[in-house]
Amino acid sequence: MKGRFVTPGKTFEAVDPRTGEVITRVAEGDTEDIDLAVKAARHAFDHGPWPRLSGFERGRIMMKLADLIEENIEEIAALDTINGGKLFAHGQVLDVPGAARTLRYFAGAADKIHGTVLKLSKGLQGYTLREPIGVVGHIIPWNFPTILFFTKVAPALAAGCTMVVKPAEQTPLSALYYAHLAKLAGMPDGVINVVNGFGETAGAAISAHMDIDKVSFTGSTEVGRKIMAAAAASNLKPVSLELGGKSPLLIFDDADINEAVNIVFGGMFFNKGEICVASSRVYVQEGIYEKFENKLVEKAKSWVVGDPFDPRVHQGPQVDKKQFEKILSYIEHGKREGATLLTGGKRVGQKGYYIEPTIFADVKDDMIIAKEEIFGPVMSLMKFKTMEEAIKRANNTTYGLAAGIITKDLNVANTVSRSIRAGIIWINCYTALDVDCPFGGYKMSGFGRDCGLEALNQYHQIKSVVTPIRDSPWH
Ligand code: NAP
Ligand code: MG
């Protein structure tokens, strides 16, 4: 079974969110298919070359895979556009080159994995080994099918793990292409096993599997909870969870308003609001509030929603009908709760899952639209008076993934960044990220860090080795 595509009996539809039409049908993996994939990964880990290669050799194969990804930028970007509604132009300059960069970053780290020397009590010496954790299950969502695939897979490969990857049901296509490219790059059979399928079946089988040593998950808090419960009820495998957010962006009176409007727009409407760090709660200080609100509404008028292949377009369709309907129902909630709809609020066109960039004002902190993750282009705008008030309200959430501050005052920037409980704070920018930046949540946004050298820790076990030193005058 290892090293080739197999066709289980069942299939499911891959849909184009631009039209709602079916692109193709994809093999649907179920519990038995996960089992086969785990067997392949287990065998590759216990007996295969991958964990036994030098870090340098692993890095070489990963570099080759990065090259192949770059050689196929257009095809890959097109797959995520057709299947996920993502901007083709972004795929070409952000997602796909970002995936290659992620592979290269961790490829470069693969031969720099060291333990430490321990100074134990007199007559003993010791050291630590960093060993690969084993077979990893990666469960990924649909909003960044390419970047998140490699954010999970690359550090696990560098660490020497083998793995089973379940992409989201909405975006099954590009991951299959990566399995193909991995083989071309010379990745040994059984190291990366991609199984498409549904969360309740294939995903649940991964989290409950007795032969998977670790699960790394990105997605909703609700599913993260289920994964942790399944891990606890099976073999107590460690999990890392990168979950949702309801991230605050605080704009102070001294901000350059035009610059702030651009940052806020990008922070909220980038990737059609389908981004876990979306700046969905925008707090503006009262001195500039009115001017800011007017400029924001003006900016919305120039924001083009449409076919994601069109280079003039800023925002494509939401990923599927379910998300589309969920977002529209949140908009209705907002209106019913008494928030003021400043702009947007409606679908665009009659076909596909397009929604206008939507901004609510007069939002109260306890309204549903201010509390729950909408995962679509819907922003809540709020006013504040003092820094202390802004900090308090920013922290008034069960989430803690990201936050932003726009100010020229260094003291304000420093105080706020230390006072907000979130995994990443952006000062005078938003969604600015690179692969060397550890990424993950506080509170119910999860735990564990993807990206940066921190990510390698998730895929290692630390083993201590202790031995006596006889007749040594030193201690
Ligand atoms: P989700 O259900 O959490 O999906 C993420 C991944 O988990 C998918 O591969 C999914 O498979 C799988 N999954 C679902 N149920 C599972 C289970 N019981 N056991 C194991 N795996 C399971 O997210 P969604 O339904 O696609 O989106 C719902 C909400 O999640 C969004 O509105 C948003 O709030 C949040 N979300 C957050 C992120 C993020 O980056 N933090 C990303 C995506 C979504 P299926 O594809 O079959 O469901
Ligand atoms: Mg789901």
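Read the numbers this way: they start at 1 and go in the same order the structure lists the ligands and their atoms. In this text, all values refer to a predicted model and were calculated from it rather than measured experimentally. Residues take their numbers from the sequence shown, with the count starting at 1.
For atom 28 (C) of ligand 1, the nearest non-hydrogen atom of the protein is Q323 OE1, 4.0 Å. Of the protein's non-hydrogen atoms, G203 CA, 3.6 Å is the one closest to atom 21 (N) of ligand 1. Among protein heavy atoms, atom 25 (O) of ligand 1 sits closest to K322 NZ, 4.4 Å. Protein heavy atom closest to atom 48 (O) of ligand 1, with residue, atom name and distance, is E169 OE1, 3.1 Å. Counting protein heavy atoms only, atom 14 (C) of ligand 1 is closest to G199 CA, 3.4 Å. For atom 43 (C) of ligand 1, the closest non-hydrogen atom on the protein side is P141 CB, 3.3 Å. At the top of the distance list for atom 11 (O) of ligand 1, counting protein heavy atoms only, stands K166 NZ, 3.1 Å. Nearest protein heavy-atom neighbour of atom 2 (O) of ligand 1: V223 CG2, 3.4 Å.
Without hydrogens or angle criteria, S445 side chain to Y399 main chain gives no donor-acceptor distance under 3.5 Å.
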Next on the checklist: Evaluate E74 against Q92 for side chain to side chain donor-acceptor pair (under 3.5 Å), listing each step before the verdict.
Outcome noted: CA-CA 7 Å; E74 294 222 332; Q92 283 182 303; 3.2 Å; yes
Checklist entry - Given the rule in the side chain to side chain contact (heavy atoms under 4.5 Å, CB included) test, do D16 and N83 qualify, once you have shown the distances and angles that lead to the verdict? => result CA-CA 5 Å; D16 182 346; N83 194 198; over 6 Å; no
Next on the checklist: The test is side chain to side chain donor-acceptor pair (under 3.5 Å); show your working for K226 and S207 and say whether it passes.
Outcome noted: CA-CA 9 Å; K226 287 188 191 165; S207 25; over 6 Å; no
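Residues L381 and Y283 have side chains not in contact (no heavy-atom distance under 4.5 Å, counting atoms from C-beta outward). By the 4.5 Å heavy-atom criterion applied to side chains, K237 and D213 are not counted as neighbours. At least one side-chain heavy atom of I424 sits less than 4.5 Å from a side-chain heavy atom of C437. For the pair H138/V153, a side-chain contact is recorded, criterion being any heavy-atom separation below 4.5 Å from C-beta on.
Of all atoms in ligand 1, numbered sequentially from 1 with element shown, those under 4.0 Å from a heavy atom of T218 are 5 (C), 39 (C), 40 (O). Proximity to E242 (heavy-atom distance under 4.0 Å) selects the following atoms of ligand 1: 41 (N). Within the listing of ligand 1, atoms 40 (O), 42 (C) sit less than 4.0 angstrom from a heavy atom of N143. Against a heavy-atom cut-off of under 4.0 Å, I139 is close to the following atoms of ligand 1: 6 (C), 7 (O), 9 (O), 12 (C), 20 (C), 21 (N).
At a heavy-atom cutoff of 4.0 Å, ligand 1 is contacted by the side chain of Q170 but not by its backbone. Contact annotation for I275 and ligand 1: no heavy atom of the residue comes within less than 4.0 Å of the ligand.
In terms of N/O distances under 3.5 Å, ligand 1 is approached by K326. Between L148 and ligand 1, a contact under 3.5 Å exists for no N or O pair. Below 3.5 Å of separation, one finds an N or O of I140 facing an N or O of ligand 1. By the 3.5 Å distance cut-off applied to N or O atoms, K226 is not counted among the residues near ligand 1.
A side-chain donor-acceptor contact under 3.5 Å links T340 and D362. With hydrogens and angles left out, the side-chain atoms of K86 and N271 include a donor and acceptor closer than 3.5 Å.
Inside a 4.0 Å radius of atom 4 (O) of ligand 1 there is not any protein heavy atom.
Note on ligand 1: P167 sits in its first shell, one or more heavy atoms being nearer than 4.0 Å.
R312 and D310 are joined by a salt bridge, as a carboxylate oxygen and a charged side-chain nitrogen come within less than 4.0 angstrom of each other. Ion pairing of K346 with E356 is present here, as a side-chain N (NZ or NE/NH1/NH2) and a carboxylate O approach within less than 4.0 Å.
One option in S445, C276, S220 has a heavy atom closer to atom 1 (P) of ligand 1 than any other, and that option is S220. Nearest residue to atom 27 (O) of ligand 1 from F144, F375, F198, W142 is W142 (criterion: closest heavy atom).
Note that K214 lies in the cation-pi zone of Y459, set by a 6.0 Å cut-off to the ring centre and a 45° limit from the axis.
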